[in-house]
Every structure is written in structure tokens, then in C-alpha cells.
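Presented below is the structure to which this report refers.
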Amino acid sequence: MTSWDSKALSFINQTSRWDKEKHIGSFLTFSINLLRTLLHANITLQIEFQDEFTARVKNAYPEYLEDMVLDPEPIKKMLYSNAFKTIYWPAIPPPNHNVLKDLLQAFSSSVIIPLHTEPANSMILLGWSEPVEMTAAFQECIETMRIRLKEIITHSQQHSHFQRVAARFSAIMHAMPHAIIFINNDGYSGWVNQPAAELLELSGAGEQLPAILSDAMMQLRSRATNAEEIYQEAMQLFSSPANVITNWEWKFDYPTEKKYNVICMPVSSQQVSGRLWIFEAV
Amino acid sequence: MAIARKNNIHIIGNPDAPQTLVFGHGFGIDQTSFKEVVTAFTDDYKIVLYDNVGGGKSDIAAFSFNRYATTDGYVKDIADIIQELGLTNVTFVGHSVSGMIGLLTSLQYPGIFERLIMIGSSPRYLNDEEQDYIGGFNQQSLNDLYAAMESNYHAWASGFSALAMNQPQRPELAAGFAASLTAIRADIAIAVARSIFQLDHRDALQHVKIPVLILQTADDIAVPGAVSEYMEARIPNSTRIKVQTTGHFPHMSAPQEVVSAIKTFL
């Protein structure tokens, strides 16, 4: 095994362990730092193409480059004119032919690794102060690392994308005045918004076990003044899982006199199957 | 030139002058805020005025919430302006956040400026109790500010303009600032305000390599006097001058004093 093979293997091994043992939030930073250490680079960073006006530097070493904004168009043009393949610069092109001149001042060699990832494309930039001989073995090592880097960036971007989506939807659902309860058919997960947590007297909003939700729903039903009527409707409703019920009245005398219009409907998509309850105070 | 339209660039003064002054405006106003100051330099300097994207008469289509989520987008814009216009021997005069943007530009693009003048600028608006830093705001007061902007932007602009201008004897100044603020699209103004008030560039101060003039005013709601002293203590080769006026806009409320301070420095 050549020393380049061994570096590529080390990168794969260490990044494989990290994503199992550590938090995903620091996974990409760790991986790019590892790249720098293994390849003895003097500058390493990710450029994320955020929109038509914004290419932003992330996970940068040296740190002062972090968050630097570049114009994406000239960089993308260079990447696509090279068919989105890794670009090897044993010698840095002159400034008038180098769209990355602001980052590569005083460097001798560089490697640019484009990464086609969703939701935003990225590239990794490596630079060396001293000239680097970019042999076939060196390039093979980079290409192996590139495959793993693409997985890592995809993983990290999707994680932060889903976190943002989850945060947004939670905020919307908690802000709704109706009590919203979702019970997943998988038997393992359910979700309630803040008004529903209060209605069901749960300790908190958010994820809840279906068993806890079912129990709390049963207790709520037993407190209703029209509990028997509710029970009869429920029997009909659950006799066919596709049934939808609207304008279903649930009445309470305690702690205050209150009436709810209840909607209960199945939710079915490729990823989710369950039943949604909406309690609207009237 | 696309950048001329993007940033509504105007070049005035002496085109043959060896030195250039570039003026960068602060949040909520535009290049016209320097009108009383620039006339003092038109004979001896080439003068470049521009509007930050999102404000003034800049190209609104060029605004990106990603690009301008941090000051780095504006740093790139200034570097593009200087490079596209082929400017040399440049002194950058930045009011408020543009002072800090100028400072960061001098670090990211070494050699781009010869000198820097910061009017009412701050490296961090948020107090930092752990480091005994007084920025002027705590997080709750900033959250309240964002909430007020979000709930009724026009009402907020009217109230904030009077507080920030702090020129009760000259209500036309606050009214002008309020009009300028309300001309900005509310969603853009709120996003930009967040990115400004949450910034923290204290670590950058020590790395500045060019001479810096810090202009400080009295009773500035956005930048307490302690901030100017903090900057002077940390920026090597910096000088601080107190301008005898109140509020956050000395170049509008006391332009002749600002002119004198700039001339002394140049």
C-alpha cells in the first residue's frame, strides 16, 4: 500500500467512526480538518453555492476566511468547464486566469474538488504554500476522499435542512389555536402541539408515545359530558380506517364549560400513515 | 457596468486627483446622507458614493438573504467596487455598520485601503458580561426591537428614527431618517437589522494594519462611548476624536465637525 492509499483509507476509517460516535453538527468540520492534516495542506475550506448571488466559505482554515462571500458565477463556470471533475493545479494560474485568486494569494499548489450535493452544491478547496507533485497516486487518493466527502456533505446538509424544516413546522403547529394531535400508525410515535398538550394535560408538547396519547385521549373522553355519544361515534369511525369525521361535538363541564368541534381524519403519504385529530374550541 | 447599477455608484469630485475617498452609508440611510460632508473634498479627491444593496436606489433584484445574512456580502461588494473602478490610494469612510464592513474589507483584501475612517461604528452591539464588554444592548432588548419591527415596521421606524437621530431641536433630521427607513422593504430591513445587531467582530480589531480614525458622538443610542474607547484600545494605529454632537449620525447633524476631523486625519 502506498502512503497515498494509506491516507485515503485513514480518511475513510476516521470519518466512518466519527459519524457514529459524534454529533452530526461538527461532522463536516472534523472531516475537512482531517483532510488538511492528512494531506498537509495549508488552507482548506468548503465553498457552498447558496444562491445565484452567494458562494459562501464554510469550515475554513485559516479561520479568518470563514463566511467570506464570493461571486458564484465565475467559480461555477470554471467547475462546469472542467466537467465538474476535480481540478489539479500543481502551479496556481496567474491572477487574471484564477477566479479563486482572493483565496489563493501566496499559495503554490491547489486542488479543487466539486461536489454535486443537495440542496446546495459545494466545492472543497485545498492549497499548499510549497509546490505539490500531483502524481497518479496522489490524484487517486483525492478521488477516493472525494467520494466520501460527497457522502459527508450530503449527510450534513440534509441534517441541517431537516432541522430547519422541523423547526419551522413545529413553530407553525404550536402557534395554531386548535389542539392538534397526530398518532402514527407505526405504534411508536405521535405528536401534539401546545394547545393539545394543555387539553390532554400532558407534561409537554412535541413527540409523545402513542400509548400515552391514547390514554390521555381516553381520559379526556371520559371527562366529557357526552362521553357515551362520543363512544358510539368513535365505534363507527374506527370500523373503517378511511373514515373522516367532522363537526363532532365534545362537551365538558369541568374545569370550565367548554365545547369543541372535533375533526378526525386519516393521514396517508409515502412516509407517514396515521390519524390526525383537531379540536377547535367553539 | 453592472456594478454601477447594482450599487447605484456615483463618482464626483476631482477625477484626476491621486487620492480617492469612498463613502459607505449605514443602516436605513443611503449615500445622500454624506451630501454635507463630501462638498469639502471635491477639489482634492475623487469621491465614490454608493448604496448598499437593499437600501437607497440600489438594484433590489440583487438583494439576496443569503449573501447579506452577514456583513461578508457587503465586504465582497466593496471589494468589487474598488476593483471594478480600478481605484487606488483609497481612504474608506464608513458610517455605522459600513465602518466595520470597511475594516473587514481591509483584512480580507490587504492593500485595498490606505486609511479607514469609522463614524459611529461598533464591533458588537450586544453586551458581553463575561468579558465586561458594553455594546449597548442585551439580547432581550434586541429581541424586543426585532419584534417591534416585525409587528409594525412603519411605527417602529418612526419611533426609532427620533431616538437614533437624537436631534430634538431639528426634527426634520429624524423625519428624513424615518422616510429613508420606511422606503426599505420591511422584510429586508428586518433581516439586515438582525445581521447587524448580532454581529461580533471584536477579534478582528487587533489585526488591522492601516491607520484608523474613530469618530465618536455623545448620547448615541446604537454605540455607547465605551465602544469607541474599546476600539481605540484594540485597533493598532487608531485615533479617536469626539464629535460635539448627539445621536448616531454626526455626518448629518454636525457635518462641518466631521469634515474637520477627517481633514485632520488625512
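Within every chain, numbering begins at 1; the chains are lettered A, B, ... in the order of the sequence lines, protein sequences first and strands thereafter. FYI, side chains are in, hydrogens and waters are out, and symmetry mates aren't considered; it's all heavy atoms of this structure.
Between the CZ atom of A:Phe53 and the NZ atom of B:Lys76 there is a distance of 14.0 Å, given to the nearest 0.5 Å. In this structure, B:Asp72 CG and A:Glu66 CD are separated by 9.0 Å, a value rounded to the nearest 0.5 Å. Taken to the nearest 0.5 Å, the CE atom of A:Met68 stands 3.5 Å off from the OH atom of B:Tyr109.
Residue-environment remark: NZ (A:Lys258) stays at or below the threshold of 12 foreign heavy atoms within 6.0 Å. In this structure, B:Phe265 places its CZ atom where more than 12 heavy-atom neighbours from other residues, nucleotides or ligands lie under 6.0 Å away. Annotation: B:Gln206, atom CD; neighbour count of heavy atoms from other residues, nucleotides and ligands within 6.0 Å is above 12. Residue B:Ile11 places its CD1 atom among more than 12 non-hydrogen atoms of other residues, nucleotides or ligands, all under 6.0 Å distant. Other residues, nucleotides and ligands contribute more than 12 heavy atoms inside 6.0 Å of the CZ atom of A:Phe84. Within 6.0 Å of CG on B:Asp144 lie more than 12 heavy atoms contributed by other residues, nucleotides or ligands.
If you measure heavy-atom distances from B:Ala69 to chain A, the contacts under 4.5 Å come from both the backbone and the side chain.
Counting only heavy atoms from C-beta outward, the side chains of B:Asp80 and A:Asp71 approach each other to under 4.5 Å.
Panel note: side chain A:Arg56, backbone B:Asn66; a donor-acceptor pair is recorded below 3.5 Å.
Under 3.5 Å, the side chains of B:Ser64 and A:Asp51 contain a donor-acceptor pair of N or O atoms.
Across B:Ala62, B:Gly73, B:Ala204, the residue that shares the most heavy-atom pairs under 4.5 angstrom with chain A is B:Ala62.
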